[in-house]
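Structure first, commentary second.
Quick note on labels: first sequence line is chain A, next is B, and so on, each numbered from 1. Everything numeric here is computed off the predicted structure, so don't read it as measured data.
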Amino acid sequence: MARRIPRQPVTTALALGLLLAAATAFGAGAGSAPPVLIRYSFDDGLTATGPDTFTVFRNAKGSVQLSTAFHVSGYRSLEIRDVAGDGNFPELQGFFPERRDGRLALHFALLVTNPRQKLNAALAGPGWFFLGKDGIALWFTVEKGVLRHVSDSIPKRLLEVKPFTWYGIDVDYDLARGRYDLRVTEEGNAKPVVSLKNQPNASAQPGAAVNVFSFIGDLEDRSNVVYYVDDFVLASGDGDAERRPFVAPGRRKFFVDLFAEQASLFRRLKQPGSPTSCPAVLDLTEAGLSHQDVSELRAGNQLDLLGKLLDPGGRGAGVGASAPPKLLAVGTWKAGCVLLEDGKAGEALKAFDAAARQNPAAGVFDLSRALALIALKRWEDLDDLLFTLHARWQNDSRYALISALAGAQRGDLGEARSWLTPAAAEALRKAPALARLAGGDWSEEVFAAVRAGAPEEWKRWRALSLASEQRFHLAMFEGWPAEARDYAIRMAQALKAAGAPAGGWLERAGDAAFARRDLDEARQLYGQAKLGGAGETAILLKLADVHFLLGDLAAEKALREAFYGSLDP
Amino acid sequence: MPRRRICITGGLLLLLALVLGPAAGAADLARRTAQLVEKNDVEGLRALGPAVMPELARLYETGNEDRRVAIAGIFYQLGLRSKDAERVLLRDARTANPSLRIGVQYALGRVSDDPKVIDTLVDILQHDGNPLFRDKAACALAYDQVHLTEVQKVRLYEGLIDSLSSPTPQIQVVSIQALSILTGQSKGFRRSDPPEKRRKSIEAWKQWLAEYRANL
């Protein structure tokens, strides 16, 4: 049945895009099959642009990128965003050593913002993404609100997909028989919503090989899907290797949980003599590295070295003098991190300063400098630095940790109450710039106005601003959210009385109420914060979390739609 | 009075512009389309948008067979749904001109998801006297029904599974090839197998179709 028009694999169209490492799995080439072929939680800071198991194709207008918007574990998940009519589709694709027999356990978590839009997830073999022997083995689709798996060449309905809900998908696949057990769990539902046994693979082919997986939007270029993937694990179920149990339903990680994790770290770090470690790099841009830089490092076979330098638990590695300047900067920073852990804060600070000079765009170098300054108790220098870091990092839990540590070490936070005195209230009324400073606007413009208006006292006002922020973070990290809430509300009241914007402190009060799981109050405070000029995006997402916990899924949907766009036609 | 004459003249001019404006636009589209067809400039035609399809259908209808072959190829490459294109192509679905016939068979599924297209191609596959046309009908059914929904595919699968029972060996062979391309499997159907084994395989296909239907 010869054709006049040759049929080409769809992937020939994917030759362009940012081609990252498609590294084979852990232990490839070892004598016995490794228990885990691929595991990725999208939290080690390397996925976006670094050495990992994935190839990322950012074609046309679509994107594949890390996102902190939703995640089951850790901090981040992977966001795949397709755009209809742009002539192509984005793709996350990963390779692993070819398997033709034995068992495979596949797990991933999936969250879809609009289930009507189409997406495809598949595991395939060398025959590529076509139905047939050694072609697609496992195939999941979401379209028109329904999750289906293609089994025996038939798209079979599994469930109606709820938007903004995590689903855990677990497959126990017997390659020789070409059959699998499938379980799907839904966030907030203790029992599996799908539990199927002995399903034929996509085209009912026993013994079909697999070596690649893929997540895309659609091939027809009609999808505007935005979806999230987290906790991808592909493990061997062979022999003595432990069979992974089906995991529990994924639970949404709320923003306050991120701060709770940092609080645990805080309690360790504040112990006398406890070694201080550098903040984790969550995005390569934090280390001052662009996509272009990473591509160049890859071309120079230096991604492994970068991986070692960014490994939070590692002790670094030697970076040759001929290395690219930005890699040298990371090496210098890592050397500083090792010194900091060894208690040599002075030498660490010199290394961080040098690294920051080598690459001023690397924000994590500055966060590390702050930790060294805390260890050295150089408070004035720390104040200078925190003021410059505030704009970029104020909503980051790592900054909050540093702020709380500084507060704990200084031990003079009683001064933070000075904002609440009648004298301060009078000053706030008289000087609008001072009120904006107290409200959390630490912009250069505001600070210049404060300095001009109070040449003798500006340092005190600055110290007060820092102290108030540190007091709040310290209370939160110490596990005193009621105290944090009270302080934040009193600050907001003082600002309101002075006619100044109080949104920032109302939002903090809401955070503290949320941490106490006083959801009604958190909802009220976030509402007031929004009216009071707090950052609208953050408030919307926090309010959505509150409504989710309150069980008001309609309100949650409406709030998330305000951020992500409507799900309705 | 002169003032009134000016008003009347101005009104007439406006009326003429309103009447002739769209006509001029249509004439321009026709001219542009004809030029691009002449150059076989598919991307240029695509850039004109869906409005180009009725114009292409008109050119197809009024053209000679060579022109029709060329335009059928353009319909194929554009892959845009069009009732006009479907209508003119279906008229040539039984033409004796091999180039035109094959071009039409390939193009039909690329311009239409109407059941008439599947029925026509299945009928050619099962009953046409020319094995080449039967083979190309199977090709078109396997590769070119790009607008079908999962529900609409039932008719396609039904026709191909039905064709497995044809007394003509070639029809069995190309039908199972088309099914394999579409589903990735053959359910053990081989033309060289004894009739009883083939019958069991056809039964398996029928069960498969029933399950396919049940999952819609």
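- Taking the ring-ring contact (aromatic ring centres under 6.0 Å, His included) definition, one finds that Phe108(A) meets it with Phe215(A), sequence neighbours left out.
- The heavy-atom pair separating Ser203(A) from Thr183(B) by the smallest distance is CB-O, 3.4 Å.
- Residue with the most contacts toward chain B among Gly135(A), Pro155(A), Gly127(A): Pro155(A) (heavy-atom pairs, distance under 4.5 Å).
- Within 6.0 Å of NZ on Lys162(A) lie no more than 12 heavy atoms contributed by other residues, nucleotides or ligands.
- For Arg191(B), the CZ atom counts as densely surrounded, since its 6.0 Å shell holds more than 12 non-hydrogen atoms of other residues, nucleotides or ligands.
- The number of heavy-atom neighbours closer than 6.0 Å to NZ of Lys206(B), taken from other residues, nucleotides and ligands shown, is 12 or below.
- With a 6.0 Å radius and a threshold of 12 heavy atoms from other residues, nucleotides or ligands, Arg87(B) has its CZ atom above the threshold.
- Residue contact with chain A, scored on non-hydrogen atoms closer than 4.5 Å, involves the backbone of Leu182(B) exclusively.
- Put simply, the side chain of Gln185(B) reaches to within 4.5 Å of the side chain of Asp152(A), judged on heavy atoms.
- With a 4.5 angstrom heavy-atom cutoff, Lys187(B) touches chain A only via side-chain atoms.
- Here the NZ atom belonging to Lys144(A) is positioned 8.5 Å from the CD atom belonging to Glu150(B), to the nearest 0.5 angstrom.
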